[in-house]
Amino acid sequence: MKPFKGNISFNAQHSPMGAFMSFTCGHFGTRGGIGVQIGKPANQDLYIGVKEGDRSSDVPLKCLPFFQTTRSGGAGAADFQVEQAGPSEQQAEPKVIAYSKDQIERRYGWATDAWKTSDFTFAVYTPFGSIPDPALSDHKSLAAALRPAVIAELTIDNTHGTTTKTAFFAMNFNEPGWRPLTISKSGRRRGFALRREIGVIAEVADHSDECPTLFCRWTPDEGLRQHTMHLLGSCPGVLIEVAPGQKRTLRLSLGCHLPNIVTTGLEGRYYYNRLFTSLEQVLGDALDQGDPKPRAHELDGQLLDSGLSDDQQFLIAHATRSYYGSTQLLDVGAEPFWIVNEGEYCMMNTLDLSVDQVFWELKHNPWVVRNLLDNFVRHYSYVDQVKSNSPSPGTPGEGRGEGPDAQQFTLAPGGISFCHDMGAHNNFSPQGQSSYELPDLTGCFSYMTAEQLCNWVLTAATFVKQTCDIEWATRSRSMIEACGQSLLNRCGQLGILSRDSSRCGQDGAEITTYDSLDHSLAQTRNNVYMAVKCWAAFLGIQRMLGATGEAASDHDNWNRWSRYAYTAAEVVRKHVDEDDVLPAVFETTNPGHGSRILPAVEGLLYPLIWQSLETLKPHGMFAALLETLRKHTLTLLLDPDRRNLFPDGGIKLSSTSNNSWMSKIALFQHVAREVFHLDDDPAIRDLFARADAAHVKWQTDGSGYWACSDQFVNGVAKGSRYYPRIITTALWMEGKSARNDE
């Protein structure tokens, strides 16, 4: 891996798969550490470094700058001694010197995050892979995939030194409850834990005759100097003295273990409890696997060999870590239950994230997608009605006022749809309800009924295409047909979404996943983004029904879905203006009518993934739609007024909003490259390269503390932080690989 050339002061999540745990570090002057079931970095000071001399030497510690300089949270001696406390007890700040930025080199790969100073190297390894289907897998393969721990190494090369160096790894938990761990009969593995939940075990790699030393006081420097541990201390650690002429590596296992029920509503334990019975077993088993570097470096090499730019590789590596930090595999009723939590919001299986993460999951563990689809049907589907003739929200004199005469719509059959999410913060919502959606709203927290219907259909169609699971498609045929009818009921005669769910209440209107954006993308009805997504959903229904044999048994019924898609396509195409631009919202009185949005093309992603060449043919059934969307995209990208670009070159999804989502930008770029091949034009290729560079700075500078974030306002993370959905960037590897194979 090459040294990272940008701002190296940024947090990254380092996470096992399915444990909702992250070891977060990297941002200078702030805390991190091991966080479990929280949508933010933990609150632990990390002291990783060396001191000259043996452990008793009275010199300051030199550490990576992953700590705050003032003490808080953990008790110190002065808190116990009260009036007896002298100046040394009252001034209990650690004697620690932090390396400056120019003294640290950082290398950031797909599975290796390493910091190098003149004295040592510290690296965290997070190799990832497939999670086997528990119904088909043995204990060993499941344990390897679901072990809730990551490995780090602290390497000190003193081969040319003349004095002993003492290396250490310590964590100030800033709360009481630490305990010592010794988990091997020989005593060569030692560490510490916070109660029964999280802990660290260390060994001296490749030197079975040596073992690290455990220490604890209230500060790391005091702990190193004092040879007796204090159980009231809050800053435990492990150390090793490295004599002149020696090189040693302290290998660390950092993990968690929660044995009890962790959710409400539906009661679930972590699935790893079937494989590991204690924290000690987790940590010890992780070290038993030996050197983590070969597998991590193999993944690093795959990304390096992808042909993508350094900026694109960074965004993929950053996103992969963040995605796994939000994953959670539970055991609910003796069955696996897959969850991806929504970053800082901790909403469970947000469906408008699931539809964007499906591409990654189908590549690595397709069974989790089937699990998600079935659990939405079983627990988080509902049947509604639709508001026919519903006016636009905010239209004067329509659908407003007081009394029964104010209601300007009638109710018509709606159909099946799905909740926005399954709950939040480990609390499953009541069946058929989300934690997010509320009635009588037209902005954030309103219902996303139509979009979630499309999302389930598109996820299911992608699952069937990628897995060829005809048995699931056949078993789900009645649900697929119900989804199709529900979609038709919401479109009415217009061919695109034009009716709001009755769940919105009298004055409410449906919104899209771009919930905190302006009118350009917030409203579902008559929105070009949703119109093209609806077009794709019609084609997805046709594809799934075709997989069940309907194309042969009832060709007319099967073929009608492409006719519905064609109707939707024609509606979209006819709204193009004289500048080759599609309005964001088709209603001329809506403020969003003048907005110019790049996500208009997002729905084209699905035929691309399905390899539906007939759909994307330049002279096929949808040629006019494709050409309209291509011209729209080119016009926006090459706009001389740069209304869809930020001053730094980053991409603005909407010309009228400074709010952009990185995951959606990645999807847009993938469609622009792989459907329209716009980057064959040097001007577009250069524009995208500048955008990628800007987006890296959004993450490192605009979201340094929050690790990988999705939602940025003028390049600063303002929401959707610590977020999984940016795994959409991994699609770029598929596109590059496909082009290289041509």
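Numbers here simply count residues along the sequence, with the first being 1. Values below: every heavy atom of this structure, side chains too, minus hydrogens, waters and symmetry copies.
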A.B. asks: Any non-hydrogen side-chain atom of I48 less than 4.5 Å from a side-chain atom of C25?
C.D. replies: no

A.B. asks: Could you state the interatomic distance from OG1 (T112) to OH (Y125), rounded to the nearest 0.5 Å?
C.D. replies: 6.0 Å

A.B. asks: Taking the side chain as every heavy atom from C-beta outward, state whether Q328 and N426 have any pair of such atoms under 4.5 Å apart.
C.D. replies: yes

A.B. asks: So, taking the atom named CD1 in I198 and the one named CZ in F23, what distance separates them when rounded to the nearest 0.5 Å?
C.D. replies: 10.5 Å

A.B. asks: Could you walk me through whether H14 and L254 pass side chain to side chain contact (heavy atoms under 4.5 Å, CB included), step by step?
C.D. replies: CA-CA 10 Å; H14 306 93; L254 306 97; over 6 Å; no

A.B. asks: Distance check, rounded to the nearest 0.5 Å: R295 atom CZ versus D300 atom CG?
C.D. replies: 10.0 Å

A.B. asks: Tell me, please, which residues at least two apart from Y270 pass ring pair (Phe, Tyr, Trp, His ring centres under 6.0 Å).
C.D. replies: Y272

A.B. asks: Going through the checks in order, is the side chain to side chain contact (heavy atoms under 4.5 Å, CB included) test met by R225 and K51?
C.D. replies: CA-CA 11 Å; R225 289 195 311 272; K51 69 183 293 189; 4.1 Å; yes

A.B. asks: In chain order, what residues pass the side-chain contact (heavy atoms from CB on, under 4.5 Å) check against S100, with sequence neighbours excluded?
C.D. replies: D102, Q103

A.B. asks: So, R195 side chain and P176 main chain: donor-acceptor pair closer than 3.5 Å or not?
C.D. replies: yes

A.B. asks: Could you tell me which residues satisfy salt bridge (Lys or Arg N to Asp or Glu O under 4.0 Å) with E361, sequence neighbours excluded, listed by chain and number?
C.D. replies: none

A.B. asks: Strictly by ring-ring contact (aromatic ring centres under 6.0 Å, His included), give each pair with a member in residues 704-731 just once, sequence neighbours left out.
C.D. replies: W698-F712

A.B. asks: Is any side-chain heavy atom of V368 closer than 4.5 Å to a side-chain heavy atom of V340?
C.D. replies: no

A.B. asks: Quiz question: by atom type and distance under 3.5 Å, do the side chains of N174 and Q44 form a donor-acceptor pair?
C.D. replies: no

A.B. asks: Could I get the full list of ring pair (Phe, Tyr, Trp, His ring centres under 6.0 Å) partners for Y99, not counting sequence neighbours?
C.D. replies: F120

A.B. asks: Using a 4.5 Å cut-off on heavy atoms from C-beta on, say whether the side chain of I339 contacts that of L330.
C.D. replies: yes

A.B. asks: Check the pair L64, T117 against side chain to side chain contact (heavy atoms under 4.5 Å, CB included), reporting the backbone distance first and the verdict last.
C.D. replies: CA-CA 9 Å; L64 293 172; T117 73; 4.0 Å; yes

A.B. asks: Which residue is it: I651, L653, N644? I am looking for the one with a side chain to side chain contact (heavy atoms under 4.5 Å, CB included) to S660.
C.D. replies: L653

A.B. asks: Within a strict 4.5 Å, meaning less than it, do heavy atoms of the F192 and M171 side chains meet?
C.D. replies: yes

A.B. asks: When you check the side-chain N and O atoms of N659 and Q711, is any donor under 3.5 Å from an acceptor?
C.D. replies: yes

A.B. asks: If only atom types and distance count, is the side chain of S322 paired as donor or acceptor with the main-chain N or O of A319 below 3.5 Å?
C.D. replies: no

A.B. asks: Got a donor-acceptor contact below 3.5 angstrom from the H257 side chain to the F276 backbone?
C.D. replies: yes

A.B. asks: Any donor and acceptor pair, going by atom type alone, linking the side chain of Y436 with main-chain N or O of F445 inside 3.5 Å?
C.D. replies: yes

A.B. asks: Are a donor atom and an acceptor atom from the side chains of R31 and Q68 found within less than 3.5 Å of each other?
C.D. replies: yes

A.B. asks: Any salt bridge (charged side-chain N to carboxylate O under 4.0 Å, His left out) pairs touching residues 709-720, not counting sequence neighbours?
C.D. replies: D710-R725

A.B. asks: Rounded to the nearest 0.5 Å, what's the gap from CD on E222 to CG on L61? Could you check?
C.D. replies: 11.5 Å

A.B. asks: Determine yes or no for a side-chain-to-main-chain donor-acceptor pair under 3.5 angstrom, with W110 supplying the side chain and T320 the backbone.
C.D. replies: no

A.B. asks: At their closest point, which heavy atom of S22 faces which heavy atom of Q13, and how far apart are they?
C.D. replies: OG-NE2, 2.8 Å

A.B. asks: Mind checking ring pair (Phe, Tyr, Trp, His ring centres under 6.0 Å) for W661 and listing every partner two or more places apart, or none if nothing turns up?
C.D. replies: Y514

A.B. asks: Return the set of residues passing ring pair (Phe, Tyr, Trp, His ring centres under 6.0 Å) with F215 (not counting sequence neighbours), or none when no residue passes.
C.D. replies: none

A.B. asks: If you draw a 6.0 Å radius around NZ in K697, do more than 12 non-hydrogen atoms from other residues or ligands fall strictly inside?
C.D. replies: no

A.B. asks: Could you walk me through whether V696 and F10 pass the side chain to side chain contact (heavy atoms under 4.5 Å, CB included) check?
C.D. replies: CA-CA 11 Å; V696 169; F10 63 89; over 6 Å; no

A.B. asks: Does the ring pair (Phe, Tyr, Trp, His ring centres under 6.0 Å) test come out yes or no for F122 and F66, once each step is laid out?
C.D. replies: CA-CA 12 Å; F122 177 70; F66 305 156; 7.4 Å; no

A.B. asks: Kindly compute the distance separating CZ (F688) from CH2 (W732), expressed to the nearest 0.5 Å.
C.D. replies: 9.5 Å

A.B. asks: Centres of the F67 and Y47 rings: under 6.0 Å?
C.D. replies: yes

A.B. asks: In Å, rounded to the nearest 0.5 Å, how long is the span from CH2 of W115 to CZ of R107?
C.D. replies: 13.5 Å

A.B. asks: Please report the closest heavy-atom contact between A202 and V238, naming both atoms and the distance.
C.D. replies: CB-CG2, 3.8 Å

A.B. asks: Would you call K165 and D119 a salt bridge, taking side-chain N to carboxylate O under 4.0 Å as the test?
C.D. replies: yes

A.B. asks: Is the backbone N or O of P94 less than 3.5 Å from a side-chain atom of D221, with the two atoms forming a donor-acceptor pair by type?
C.D. replies: no

A.B. asks: Where the side chain of S434 meets the backbone of D421, is there a donor-acceptor pair that is under 3.5 Å apart?
C.D. replies: no

A.B. asks: Could you tell me if the side chain of Q669 sits less than 4.5 Å from the side chain of D692, heavy atoms only?
C.D. replies: yes

A.B. asks: Do E153 and R251 meet the salt-bridge criterion of a basic N to acidic O distance under 4.0 Å?
C.D. replies: yes

A.B. asks: Among pairs that include at least one residue of residues 1-21, which meet salt bridge (charged side-chain N to carboxylate O under 4.0 Å, His left out), considering only residues two or more places apart or in two chains?
C.D. replies: K2-D310

A.B. asks: Donor-acceptor pair, E437 side chain versus S446 backbone, under 3.5 Å?
C.D. replies: no

A.B. asks: Tell me, please, which residues at least two apart from R690 pass salt bridge (Lys or Arg N to Asp or Glu O under 4.0 Å).
C.D. replies: D686

A.B. asks: Taking H670 for its side chain and A666 for its backbone only, find out whether a donor-acceptor pair lies under 3.5 Å.
C.D. replies: no

A.B. asks: Can you see which heavy atom on C256 is nearest to which on V36, and at what distance?
C.D. replies: CB-CG2, 3.8 Å

A.B. asks: Of all the heavy-atom pairs spanning L279 and G199, show the shortest one and how long it is.
C.D. replies: CD2-N, 3.9 Å

A.B. asks: Between T729 and H318, is any pair of side-chain heavy atoms under 4.5 Å apart?
C.D. replies: no

A.B. asks: Would you say S655's side chain and R643's backbone share a donor-acceptor pair under 3.5 angstrom?
C.D. replies: no

A.B. asks: Suppose we screen for salt bridge (Lys or Arg N to Asp or Glu O under 4.0 Å). Which residues come up paired with K664, at least two apart in sequence or across chains?
C.D. replies: D356, E602

A.B. asks: Can you check whether F128 and Y323 have ring centres sitting under 6.0 Å from each other?
C.D. replies: no

A.B. asks: So, using side-chain contact (heavy atoms from CB on, under 4.5 Å) as the criterion, who are the partners of S654 when residues are at least two apart?
C.D. replies: L517, D518, S520, S595, I597, T656, S657

A.B. asks: Compare all side-chain heavy atoms of F4 with those of T700 and state whether any distance is below 4.5 angstrom.
C.D. replies: yes

